[in-house]
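Worksheet: the structure to be examined is printed underneath.
All values below were derived from every heavy atom in this structure, side-chain atoms included, with hydrogens, water molecules and symmetry-related copies excluded.
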Amino acid sequence: GCIAFNTTVFFNPANEQLKTTFNLPKDSEVNASLTTLAGTVITENLSNRTLMSKGTSTINCTTDQLPTGVYIMTIQTEFGTQHHRLLLTH
């Protein structure tokens, strides 16, 4: 069967700080990235492709240097990939 993982991205809209919280059903390598709607990678490997433990984990990202706009946060694990659309305002 399919094992799901839950992801929450906040604050949305964000202005200086973005937190991505996710709950893993078991230990997993995690890759998080932030891209523009056009697909340009802004930050890659926010999690440094770290093996993260089962349970709740958080990745923090400073966004104060990014221009106002719409971005996509992507979280990849062995359980699948989730995309979150978010708005940055300053």
Side-chain angles (χ1 to χ4, degrees):
C2 179
I3 299 176
F5 71 104
N6 299 320
T7 306
T8 303
V9 177
F10 58 96
F11 303 93
N12 194 7
N15 58 15
E16 294 182 6
Q17 184 76 15
L18 179 66
K19 288 186 175 193
T20 305
T21 301
F22 47 92
N23 191 2
L24 299 171
K26 67 177 190 175
D27 294 359
S28 177
E29 191 173 272
V30 175
N31 183 29
S33 61
L34 187 65
T35 60
T36 65
L37 285 179
T40 303
V41 176
I42 302 299
T43 52
E44 197 170 29
N45 294 331
L46 291 169
S47 60
N48 297 317
R49 291 198 68 83
T50 302
L51 180 64
M52 295 191 164
S53 299
K54 172 184 175 179
T56 302
S57 295
T58 300
I59 297 171
N60 295 309
C61 176
T62 302
T63 58
D64 60 349
Q65 299 297 313
L66 297 175
T68 295
V70 179
Y71 296 84
I72 303 294
M73 171 66 77
T74 302
I75 306 292
Q76 295 174 308
T77 73
E78 67 181 88
F79 310 112
T81 301
Q82 293 189 5
H83 305 279
H84 294 273
R85 186 178 174 134
L86 57 106
L87 175 64
L88 295 183
T89 60
H90 299 292

Could you tell me whether the side chain of H84 reaches within less than 4.5 Å of the side chain of Q82, counting heavy atoms only?
-> yes

For residues L18 and N60, determine if any side-chain heavy atom of one lies less than 4.5 Å from a side-chain heavy atom of the other.
-> no

If a pair satisfies salt bridge (Lys or Arg N to Asp or Glu O under 4.0 Å) and one of its residues is in residues 62-74, list it, with sequence neighbours excluded.
-> none

Do L24 and F79 have side-chain heavy atoms sitting under 4.5 Å apart?
-> yes

With a 4.5 Å limit on heavy-atom distance, are the side chains of Q76 and V30 in contact?
-> no

Heavy-atom pair of closest approach, residues S28 and L51 = C-CD1, 3.5 Å

Is the shortest heavy-atom distance from the side chain of K26 to the side chain of E78 under 4.5 Å?
-> yes

Between I75 and A32 the two heavy atoms that sit nearest each other are CD1-CB, 3.6 Å

Considering the options T74, T40, I72, L86, which one meets the side-chain contact (heavy atoms from CB on, under 4.5 Å) requirement together with L34?
-> L86

Check whether any side-chain heavy atom of T63 lies under 4.5 Å from a side-chain heavy atom of N15, and answer yes or no.
-> no

Side chains of Y71 and L88: does their closest heavy-atom pair fall under 4.5 Å?
-> yes

When rounded to the nearest 0.5 Å, the distance separating CD of E29 from CE of M52 is 10.0 Å

